[in-house]
Each structure stands twice: as C-alpha cells, then as structure tokens.
Number of protein chains: 4
Amino acid sequence: MAGNTFGQVFRVTTWGESHGPALGAVIDGCPPRLPLSPGDVQLELERRRPGVQAHATSRQEPDAVEILSGVFEGRTTGTPISLIVYNRDVKSQDYDALRDVFRPGHGDFTFQAKYGIRDHRGGGRASARETVARVAAAAVAQKVLDRDHVRVLAYTLELGGIRAEKIDEASIWDNPFFCPDLEVVPAMAARVQEVKARGDSLGGLVQVRVRGCPPGLGEPVFDKLDAILAQAVMSVGAVKGVEIGAGFGAARMLGSEHNDPLIPGGFASNHAGGILAGISTGDDLVVTATVKPISSIARKQQTVDLEGRPRTISVGGRHDISAIPRIVPVILAMVRLTLADFLLRQRAISWP
Amino acid sequence: MAGNTFGQVFRVTTWGESHGPALGAVIDGCPPRLPLSPGDVQLELERRRPGVQAHATSRQEPDAVEILSGVFEGRTTGTPISLIVYNRDVKSQDYDALRDVFRPGHGDFTFQAKYGIRDHRGGGRASARETVARVAAAAVAQKVLDRDHVRVLAYTLELGGIRAEKIDEASIWDNPFFCPDLEVVPAMAARVQEVKARGDSLGGLVQVRVRGCPPGLGEPVFDKLDAILAQAVMSVGAVKGVEIGAGFGAARMLGSEHNDPLIPGGFASNHAGGILAGISTGDDLVVTATVKPISSIARKQQTVDLEGRPRTISVGGRHDISAIPRIVPVILAMVRLTLADFLLRQRAISWP
Amino acid sequence: MAGNTFGQVFRVTTWGESHGPALGAVIDGCPPRLPLSPGDVQLELERRRPGVQAHATSRQEPDAVEILSGVFEGRTTGTPISLIVYNRDVKSQDYDALRDVFRPGHGDFTFQAKYGIRDHRGGGRASARETVARVAAAAVAQKVLDRDHVRVLAYTLELGGIRAEKIDEASIWDNPFFCPDLEVVPAMAARVQEVKARGDSLGGLVQVRVRGCPPGLGEPVFDKLDAILAQAVMSVGAVKGVEIGAGFGAARMLGSEHNDPLIPGGFASNHAGGILAGISTGDDLVVTATVKPISSIARKQQTVDLEGRPRTISVGGRHDISAIPRIVPVILAMVRLTLADFLLRQRAISWP
Amino acid sequence: MAGNTFGQVFRVTTWGESHGPALGAVIDGCPPRLPLSPGDVQLELERRRPGVQAHATSRQEPDAVEILSGVFEGRTTGTPISLIVYNRDVKSQDYDALRDVFRPGHGDFTFQAKYGIRDHRGGGRASARETVARVAAAAVAQKVLDRDHVRVLAYTLELGGIRAEKIDEASIWDNPFFCPDLEVVPAMAARVQEVKARGDSLGGLVQVRVRGCPPGLGEPVFDKLDAILAQAVMSVGAVKGVEIGAGFGAARMLGSEHNDPLIPGGFASNHAGGILAGISTGDDLVVTATVKPISSIARKQQTVDLEGRPRTISVGGRHDISAIPRIVPVILAMVRLTLADFLLRQRAISWP
C-alpha cells in the first residue's frame with residue numbers, strides 16, 4: 001500500500017533516510033541455497049559510489065554492507081535477507097538552512113504536502129542515497145538471474161547532448177561516465193566542466209540491455225514486462241521518461257517498418273525491444289530512460305518557504321552535476337529486480 | 001501475481017478474451033454510497049467504439065454493459081462491483097488461418113512461449129478488445145474522482161507525424177481522431193487514407209492532462225505516482241514509451257531551465273508534469289504515450305509457424321490503420337484507475 | 001485491500017449478492033493446460049445444493065455454472081478464468097420486512113455500520129449464497145491438486161451434540177448430513193427434527209482431512225500453512241473456531257504426549273495435524289471447524305431497527321436448521337483453494 | 001508471497017534468526033506524525049522477556065531496540081520504520097548436536113523439507129525468538145490504536161489445566177504467569193514445578209479481549225475480522241487452535257442461546273465475541289488461543305537424523321516449560337497489528 005516494496009515473489013522492501021542512522025533492504029522470497037556473501041553485494045555498491053570521478057560528489061560514502069539474516073554458511077536459506085548499510089559521513093547541519101524552504105525540483109514541497117512532516121536533511125527519504133538499498137538488493141537478484149544466465153548491462157547513452165555512437169560493453173565501467181563509447185568521453189567531460197562552471201546541471205539518457213532473457217516473462221495484462229519495467233525505471237528519482245525498443249521513435253514509423261519479422265530461430269530485427277504483448281520474446285530487452293538535469297544547482301533560484309513566502313535559494317554543497325553516471329547502476333538494479341521477480345513468477349505456473 | 005489486477009485499494013481485475021462469450025471487470029474496494037448506473041459506464045464505452053470514423057474498424061460492437069453486483073438502488077454498496085459485456089459480433093472462423101502461424105508485432109509467439117497454449121482467435125486475451133473492461137471499470141473510478149473534482153483529459157497529440165499545435169479541450173470528442181486541434185484534422189485524415197491505401201499502418205502520440213489533482217498523491221519509493229502512471233499507460237497494448245511533463249525533452253535541458261520555480265500559491269512553470277519525487281504537486285499532471293503503428297497490416301510479412309517453418313502472412317480483415325484514436329479512451333481509463341487508487345491510498349493514512 | 005480476493009498465486013476474487021442478478025468468481029493465476037469443463041465445476045456445486053435432504057432449505061437453486069473465459073478447447077490458457085452462476089429463484093419481496101430491522105446473529109447491523117448502506121435482501125453479500133462462487137472456484141483448484149494427487153475430504157464430525165465415532169470415507173456423500181458414520185445418522189436426523197419443531201437451530205463440528213499433501217507447503221512466519229488454513233476456514237460464515245490436529249485438546253496434554261516422534265519414513269503419530277512450524281509434514285492435514293447454530297430462527301427474538309428502537313423479529317421462511325451440512329463443501333472448498341495456492345507458491349522458489 | 005509480511009495498509013515485514021546477528025521489523029504504511037520513541041517499543045519488549053519468573057528460560061536477552069528510520073524529531077514521518085534488535089547472548093555451539101537431527105514437535109524436519117537447507121542453531125527462523133520483531137512492531141501499531149482509544153488485553157486463561165476463574169485486569173502483569181486471577185497462581189506454579197521435575201512441558205489457553213474497538217472493522221468475505229485474527233494468532237508458534245467469542249462451545253448451543261439480542265445502544269450478550277459476518281460490532285472482541293505444550297523437553301524422545309536413521313534425543317538447555325506466559329505479549333502483539341491495519345483499511349473507504 002505504502003510504496004516501499006517491489007516485486008511479487010522476489011519482494012524487496014527498502015527503508016532509510018539520507019541522514020538517518022542507516023539504510024537497508026529486506027528481501028523476502030529469495031529462493032534457498034543460492035551462494036551469497038557480503039562481497040557479492042559490496043561489489044555492486046562500489047559502482048554506485050563515484051570514487052575517482054572528478055565531476056561526481058565529493059562526499060565519501062564507504063557504504064559497507066552487512067547481511068543480517070537469511071544466509072547460513074554462505075548460502076541463502078529461503079528466509080528474509082536483511083541488508084544494512086550504516087550512514088557514516090553524515091553532516092546534518094549542512095541542511096539546517098533547508099528546514100523551512102523548498103528546493104525547486106526536489107520533493108521538499110510534495111513530501112510536506114503528503115505527510116505534513118518531513119526530514120529535511122539531505123532530502124530524507126527522497127534522497128538519491130535511498131538507492132543504496134536498491135543496488136544492494138539487486139546484487140541478490142542477480143544471483144537468481146545467474147542461474148538462468150541472464151545478464152543486464154546499463155550505460156550512459158547520452159549526457160548533456162553528447163551521445164554514444166557505439167555500444168562497446170567492455171568500456172562501460174572503465175570511464176567515469178559509464179559510457180560505452182570511449183571516443184565521446186572527452187566531449188562529455190568538457191560539457192560537464194562547462195556547465196559546472198556556470199553552476200548549472202545536465203541530463204541525459206541511460207540505456208539498459210538484457211542479454212539471455214528467456215521468452216515467456218511478463219504477466220498480461222497489467223503486469224506486462226514492459227509495464228513493470230516502466231514502473232521500475234520511472235521509480236528512480238530524476239527519470240522522466242521510459243521507452244522500450246524503438247520507443248518514441250515508433251510514433252513516426254510505419255507498421256511495415258516497426259514489425260519485427262519472425263524467422264526460424266527468432267526475429268529478423270528488434271524494434272520491439274524484446275517484448276511483444278507484454279511478454280519477453282527471447283531477444284535482447286532494450287529499455288531507455290530519460291534523466292532530467294539534477295535539481296540541486298548552485299545558481300540562484302526562486303522559491304517559497306513553509307509559509308508560502310517568496311525566497312531565493314542556491315543549493316551548493318557536495319553535489320553532482322548530473323544524476324548520470326551514478327544513476328546507471330541504480331537503473332540497472334531496478335531491471336535486475338524486475339527480471340528476478342518475473343523469472344520466479346513464471347516458475348510458479350510452469351509444470352515440470 | 002498473474003497480472004490481471006490493478007490497484008491497491010481501488011482494485012480492478014479484468015477477464016475475457018476477444019472471441020470468448022464475454023469480457024468483464026470486478027472492482028473490489030470501491031467506496032460505498034457512490035451513485036452508479038449502467039448508463040454511466042455505457043457512456044465511456046461509446047467513446048472507445050469507433051462508430052462513424054471512416055478510418056476505424058468496420059466491426060460493430062454494441063458493447064452493452066451490465067452491472068451484476070455491488071450496486072443497490074443506484075448506489076455502490078462497498079461490495080465488489082462486477083461489470084460484464086457480452087461479445088456479440090464474433091466471427092471466430094475469420095481467424096482459423098492464424099491457428100498455426102504467428103503474426104509479426106502481435107503476442108501470438110510470446111503467448112505460445114509463455115503458456116504453451118493460446119486462444120488464436122482475434123488475439124484472445126492479447127486483443128485490444130480486452131480494454132473494454134478497463135474502460136468500463138474506469139467509469140466507476142471517475143465516480144471516486146468526481147468527489148474530489150479531478151478531471152482527466154486525453155487526446156491525440158500526434159498521428160502519423162501530424163501534430164496538434166494547440167489543446168482545445170472542447171474539440172476533442174468532436175472529431176474522429178480525438179484531436180484537440182481541429183485545424184490539423186484534415187491532414188490527419190489524408191495521412192490515414194494514404195497509408196491505408198498502401199496496406200500499412202501508423203503510430204503517434206497520445207497525451208493525458210489531469211486537472212484538479214490534489215497535492216500529496218503517490219507512494220514513494222516504488223509506487224511513485226509517475227512510476228505507477230508509467231506502468232498503467234505502458235500496460236496498454238501498442239504503447240512503447242511514457243514520459244512525464246517535459247519527458248524526453250528533459251534529457252537536453254539544463255537544471256536552471258527544467259526546475260520549476262515555486263511561487264506563492266504554486267509553481268511558475270510545470271516541466272515536472274505535476275509530479276516531484278513521485279508525489280503530485282497540485283499542478284496539472286501531464287503524461288505522454290508513444291503509440292506504435294498497429295501490427296495488423298494488409299501488406300505481406302515474413303513470419304514462421306508453430307513448428308518454426310518460414311511463412312508469409314497478410315493480416316487483412318476488419319482492422320484499424322492505427323491504435324489511435326481508439327486507444328485514447330483506454331489510456332484515459334488507465335490514468336483514472338491510477339488516480340482513484342492513489343486518492344484512496346492517501347486517505348488511509350490521513351487523519352481527520 | 002477490500003477482502004474479496006484469496007490467494008497469492010492462485011488468486012480467486014468472488015463477487016455477487018444473494019438477490020442480485022448473478023454471483024461469480026474470477027481466478028487469476030491458474031496454470032495453463034489443465035483440463036477444465038463446466039461439468040467439473042457443476043459436480044461440486046451439486047454437493048453444496050441440498051437436494052433431497054428433508055431438513056434443508058426448500059429453496060431450489062439450479063446453480064448452473066458458465067465458464068466465460070480462460071479456457072480454450074477444454075484446457076486452461078493461463079488467462080483469468082471467469083465463472084458465473086445466475087440467480088434464478090429469487091424472491092426479493094420476502095425480505096421487504098427486513099429493510100429497517102437487524103436480524104440477531106446476522107451481519108445486518110455490521111454491514112450497515114461499516115458501509116452506511118446495505119442490500120437487505122437475503123443478507124446481500126453476507127448471505128451463505130455467496131459461497132457458491134467459492135465452491136465453483138475450488139473445483140478449478142482441485143485440478144491443480146490433482147496433478148500432485150492431493151485429495152481433500154470434509155465431513156460432519158458432530159451435529160447438535162451427536163458425534164461421528166468413525167471416519168468411513170465411502171459414506172460421506174451418501175447421507176443427508178455428510179456424516180462419515182452412518183450409524184449416528186438416525187440420531188442426527190432425530191435431533192434436527194426435534195429442534196426444528198421448537199423453531200430453533202443447531203451447530204456442530206466439521207472436519208477436513210487432506211491426504212497426499214506433500215511436505216514443504218506453507219510460508220513462515222505469517223503465512224504459515226495453519227495460519228492461512230485458519231483464515232480460510234474462519235472466513236466461512238458461521239464458523240467460530242478452527243483447530244489443527246489435536247487442537248484445543250492440546251492445551252491439556254503434556255509435551256511428551258503431544259510431540260509426534262519421528263520414525264524412518266515419517267511420524268509415529270499425528271497430533272500436529274500434519275503441520276510443524278507452519279509447514280506441512282507430509283502427513284495428513286487435519287482441520288476442525290466449529291459451526292455455530294444458524295442465526296435465522298423461527299422463534300421470536302429481541303432486536304432493534306435502523307433508528308435503534310426495540311423490535312421483535314421472527315425469521316421464518318425457507319431456512320435450514322443448521323449450516324451443516326451445506327457448509328461442508330464450502331469448508332472443503334476453502335481448504336482446496338489454500339492448498340492449490342501453496343503448491344504454486346512453493347513451486348516459485350523450487351529449482352528444478 | 002513468501003510469508004514474512006503481515007497487513008495491507010499497516011504492513012510489517014519481519015526478518016532474523018535466533019542465532020544470527022540481529023532480528024528486526026520494517027513497518028511500511030504507518031501514518032505520519034504519530035509520537036514514537038525507542039522507549040515506547042522497549043516497554044513492550046520487556047514484557048516478552050521473562051525476567052524474574054522462576055519457571056522461564058534462564059537465557060538473558062537484553063533486547064535493546066533501535067529505530068533506524070521513519071522517525072524524525074520524535075514523530076513518525078510516513079516513511080518506513082525500521083526496528084532492529086541485535087542478538088547478544090548467543091551460544092551457537094549449544095546447538096551443534098542438532099545439526100543432523102530433527103527435534104520432535106519443532107520445524108527442523110519441515111524447514112529441511114521445504115528449503116533443502118536450514119539454520120539449525122536454536123531453530124533459526126522458526127525460533128520463538130523471531131517474535132521479538134512482532135512485539136516491537138506492535139508497539140508502533142498501538143500508537144495507531146491509541147488515536148481511536150482501542151485497548152488490547154491478553155492473559156493466561158489456563159495453564160496445565162489450571163484455569164483463571166475471573167478476569168482481573170489489574171493483576172495480569174503482576175504475576176509470573178500473566179494470569180488475571182491471582183488466586184489460581186499458586187496452583188499454576190505448583191503444576192509447573194511438578195511437570196518440570198518430570199522433564200515434561202505444559203500447554204494452556206491464552207485469551208485476548210479488545211476494549212473500545214469501533215464497529216465496522218473487517219473486510220468481507222475473505223479478510224473478515226475473525227478470519228484475519230485467526231491467521232494472526234495461529235501464525236504464532238505453538239498455537240493450535242483459535243476461537244472467537246463462545247468459540248468451540250458454540251457447536252453445542254442452540255440458535256436461541258447463541259444469538260446476541262440487539263438492544264438500544266448495543267447487544268444484550270456477546271457470544272459472537274464482538275464480530276458478526278466478519279465485521280466488528282463495537283462490543284469487546286474476544287479471541288482465545290490454544291497453546292500446545294512446548295516441544296523442547298528434557299525427556300528422551302524418538303526421532304530420526306538427516307538420513308532418516310533412528311535416533312533418540314533429549315532437548316535440554318535453557319528452555320521454558322511452557323510457551324505461556326511468554327507467548328501472551330506475542331499474541332497480544334498480533335491482535336494489535338491486525339486491528340491497526342483494519343482501522344486504516346476502513347479509513348481508506350470512509351468519506352469525511
């Protein structure tokens with residue numbers, strides 16, 4: 001009902017605020033006997049953490065994960081898996097100025113409107129930091145996907161108008177933008193520096209490709225694979241659009257162009273993005289997310305305070321210039337969670 | 001689990017196949033004492049039915065709805081509301097040729113892959129006809145929205161590359177394309193005729209605007225308002241992309257452009273599409289859906305049969321040239337269902 | 001949320017009022033390719049219908065079921081199965097006297113308190129007639145159980161203080177009380193006649209035994225097999241208690257008596273009723289339900305009307321003297337629905 | 001799906017094993033702005049901890065709870081509330097002997113059958129220690145109930161055949177058996193000592209009474225108030241039966257005895273236990289649970305090992321002689337969780 005749980009069989013509930021003592025996830029419904037160690041989860045958290053990227057936040061987050069339940073002698077037991085990451089580098093006083101004022105583009109106003117109370121420190125529950133728990137949980141989801149050899153890639157397709165022209169998988173994690181085309185990385189870096197100097201921020205596109213997705217996943221009519229992927233990806237802060245396969249381009253294609261002909265062994269093309277009628281075709285899944293420019297900018301902006309009086313605000317501090325690339329492993333995580341769940345949902349109705 | 005239920009408090013379960021005896025919806029969780037008559041539902045079904053539109057299907061569907069439960073002396077009772085529409089104009093033999101062959105762009109292949117069996121007649125459960133039940137249920141959802149004076153508009157923003165340049169609400173239902181700009185209607189009609197003559201099909205964009213949506217709706221972090229709207233709209237067949245507010249355009253904006261300044265009484269702009277951090281702002285909700293060109297085309301296409309052998313197919317018959325405009329009331333319906341549910345979800349945690 | 005859906009994977013939603021046009025059930029999540037015909041469902045409905053039993057209601061209910069979706073050429077398709085039974089023998093005017101008055105022991109008062117409106121005709125949604133839909137749905141659930149050779153028995157253990165002293169399966173459906181001990185049937189019949197003559201009503205005990213239940217079903221910690229069985233059985237009107245295995249007797253046993261010793265191949269006794277720590281042991285499940293005396297009695301009772309003014313009432317008409325035996329197939333149905341769901345839930349996390 | 005979540009609006013997910021690092025609960029759906037401090041939760045945990053009771057476990061569990069999220073400046077925020085209790089007094093080596101052998105009456109065999117793996121230390125997830133998380137969560141639920149002045153009592157009605165003859169609320173927490181009748185406490189103590197000396201264990205009855213429950217709670221037809229109470233209470237380990245109001249006694253009553261006459265302002269009696277047709281009447285709720293004798297006994301028992309070979313076992317160690325009285329606050333907790341959820345569910349459909 002409240003919306004902090006995702007999935008039907010592989011169910012993840014996340015909790016935690018940016019400046020509370022900790023964040024975490026509880027996974028209920030993970031199959032038993034999967035190998036799982038804290039190191040498996042830690043590896044994924046590192047990717048979410050900017051580390052050396054010059055353009056990314058200067059806030060250091062060790063993000064050491066602990067597994068508090070559901071694993072016995074290195075294997076899952078089928079009982080709930082509780083993952084926890086304590087917040088260590090928390091400077092709440094940085095946010096005192098935001099107690100009474102709403103940052104444009106953020107959830108400050110809407111959380112106040114919804115709950116009549118909000119933890120103003122760093123965005124509280126609405127902080128991007130909340131996604132630590134998603135990434136941690138998705139590392140467990142990948143263990144489920146591993147059994148069926150499903151592999152999920154995510155990368156920056158476009159940043160500030162600079163677009164990757166090729167998808168070179170091997171390059172993705174080797175550059176600070178998680179860009180699959182090393183040739184455009186310098187242009188991206190230059191664009192970031194330019195905008196940073198002006199105290200502004202950038203958006204872009206993130207794309208996910210799933211290799212090895214078996215046919216038959218997805219639950220018509222409301223829980224179609226594309227529908228739940230859309231929910232999953234749109235639930236990530238800063239995402240304002242989701243498209244499948246040819247996506248928005250499909251609006252201007254003809255049926256004879258868009259339809260993917262079937263050929264023995266598969267499909268001759270993949271405009272559908274691997275999904276027909278809400279069910280996977282066995283071809284690669286292709287999902288693209290639009291990421292808005294990050295809302296925290298150094299430039300002065302017009303806003304109001306709790307009493308509705310006009311104010312100006314400049315959101316400085318330890319902020320990124322774009323949700324990209326830190327959002328890349330988060331979107332990847334949401335796709336993993338979605339697929340692990342659908343794999344198990346399909347298993348429930350499949351007879352041996 | 002299986003995906004035929006939508007909503008948490010206002011829960012709708014739909015059932016029925018294109019060429020079965022009937023289709024229907026069961027609504028569980030509708031508040032009691034709302035006025036409801038079959039006529040309220042019938043009105044919405046008429047809009048989904050093409051009627052006079054020259055370009056639309058020639059199949060006649062009277063679609064008379066009956067309310068079988070949950071209403072007593074003209075008011076809802078709080079018990080499940082069962083809506084049923086019998087299929088009358090069913091010609092199953094038209095589809096005998098499709099028993100062994102997969103239509104490109106349709107769910108024929110994926111339903112077979114998922115379930116190992118399929119009702120091939122008219123697409124079975126994957127038929128657009130399934131949406132009759134959604135539209136009927138959404139007429140009840142609107143009764144919930146009426147109490148809070150929430151109004152949902154939907155219209156064709158673009159068809160075959162022809163785009164509405166203005167949004168004139170009064171015109172929407174007065175032209176065969178549900179286009180809010182009467183001046184471009186002749187161009188749309190010409191485009192449709194041209195493509196129809198070539199045995200091909202068209203896609204486009206459908207937009208929804210919600211007026212009067214109160215602030216505070218949406219359930220972070222996974223059931224954000226935009227996330228569930230994305231699921232809802234993407235769950236409609238032929239939709240391949242969903243964007244909120246500035247949507248895909250946001251990818252190339254700067255933060256200083258995209259952020260909506262707060263001013264006393266509201267926001268100075270609405271690039272956010274009425275949603276911040278997954279919660280409604282009180283401003284208009286704006287959702288745009290990409291609709292792919294319809295998959296059934298008269299032109300010959302390459303495909304395979306159940307045994308994987310190459311075949312060619314031409315899907316003639318009583319088909320539309322585009323999912324637009326019939327998809328417009330369906331997308332509208334999904335937004336209504338989403339909002340009615342979130343209104344009640346918010347009520348559950350709101351103290352008087 | 002509203003409570004008309006049961007199950008997680010094998011999900012049943014029922015709808016309909018006693019004196020509305022029809023009642024029905026929608027099953028979402030039934031595995032595909034199971035054989036299913038209307039006759040399979042009809043057979044179960046007949047058992048719920050008293051027929052020749054002298055003591056049972058004189059109201060005749062043909063209860064012809066139709067399958068409106070989800071079955072193609074005699075097999076389930078994996079899409080929702082809609083079952084409908086039209087109400088034919090409806091005499092609403094019989095109930096006009098009850099519009100303003102609350103019958104003791106019935107839901108009249110509580111439905112009014114909850115919803116502020118109620119369909120007073122025959123109890124509306126609170127009527128025992130609602131269980132037609134449960135029994136119909138459970139006939140489909142049995143198809144799932146059939147694949148694993150799970151067999152569910154239900155019978156009258158006690159009626160009006162007359163108790164069956166043996167469990168002879170073959171006799172159950174061959175006597176008007178669904179009693180497994182033909183020797184006590186004459187005493188039950190005499191007791192019924194005696195109480196009927198006094199315008200009063202009787203309660204009793206109904207027991208369910210499940211043979212062939214595989215070990216491993218049930219989902220700790222809240223959806224334990226015994227917990228959901230308790231919900232399932234207690235959700236049947238007139239049931240006021242549920243016990244598992246030795247049940248209430250366990251309160252006065254010693255641990256050394258109650259513990260079932262494990263022996264090679266199973267257990268030496270079954271005081272646990274086939275469930276340990278909420279998971280099936282592989283032994284027979286044993287569930288006993290207490291059924292209160294039926295609330296509609298001919299004798300004069302004290303009550304109030306809608307305005308709270310004192311009234312007296314005598315609920316005559318076409319009523320049974322006990323919920324037993326008609327409740328027997330209903331309780332059996334709820335156990336079937338529970339087990340079919342748990343079988344599929346277990347499958348979701350079981351690796352081949 | 002997996003069963004570690006309870007509730008629809010006020011949703012609690014628990015996690016943790018007896019001998020893992022910690023146990024905890026995540027509450028999603030708690031209304032905002034309720035006062036909440038760790039002390040509120042700690043108080044309830046103390047009652048679950050036997051402390052001075054001579055007959056209770058000698059294991060000391062400080063059980064200090066921490067609130068990790070969802071509370072800001074002493075009030076709930078509407079975001080998930082994460083509660084954690086670290087396990088401190090853990091002696092895993094005590095259980096090494098149980099790695100390969102199944103204790104009679106415990107979940108050892110069934111967990112192995114279900115998951116193919118189990119944490120054998122202290123019963124793992126099946127340990128009574130799991131209920132720490134339930135009691136902690138229920139302390140938050142009580143905050144919701146407080147707003148509507150709903151009070152929940154629980155007490156030992158019977159222990160080893162010694163029955164409380166009166167319900168003196170003030171005495172409940174003042175004796176080591178949580179017995180509401182101080183006069184029978186010495187007999188209970190004697191019975192416990194006698195059975196302890198023989199290395200055996202005892203069962204009994206626990207009763208819950210809810211005062212101030214408003215009419216209208218409960219969701220027909222499957223989520224009736226009594227049905228979900230039955231699930232809630234039966235989900236507590238060692239409970240083998242649940243009855244409402246007159247309960248099992250109802251089987252031998254006449255309708256004229258059992259029916260509670262309505263009188264101006266309420267009911268003349270309460271055999272129904274405060275529930276009619278699954279909805280609360282406004283009268284006291286009365287729920288009675290049968291508690292089996294604790295399974296861990298010092299006496300030698302027959303069992304098998306993992307390979308099915310015969311073994312004998314004596315489960316000594318730091319064990320209680322009965323689940324009573326420690327189970328009393330756990331059953332109380334489950335009723336609180338149930339009622340808080342139904343209060344909010346009812347709010348969702350109630351118009352101001």
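In what follows, every chain begins at residue 1, and chains take the letters A, B, ... in the order their sequences are listed.
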>> Please classify the contact of Val221(D) with chain B as side chain, backbone, both or neither, using a heavy-atom distance under 4.5 Å.
In response: neither

> Side chain, backbone, both or neither: which part of Pro32(D) has an atom under 4.5 Å from a heavy atom of chain B?
Replying inline: both

> Can you list the residues that meet the side chain to side chain donor-acceptor pair (under 3.5 Å) rule with Asp148(D), with sequence neighbours excluded?
Replying inline: none

>> Nearest 0.5 Å, please: how far is CZ in Arg347(D) from CZ in Arg347(B)?
In response: 10.5 Å

>> Just verifying a value: how many Å separate Glu219(B) CD and Asp28(D) CG, rounded to the nearest 0.5 Å?
In response: 8.5 Å

>> Using every non-hydrogen atom in the two residues, find where Pro31(B) and Ile349(D) come nearest and quote the distance to one decimal.
In response: CB-O, 3.8 Å

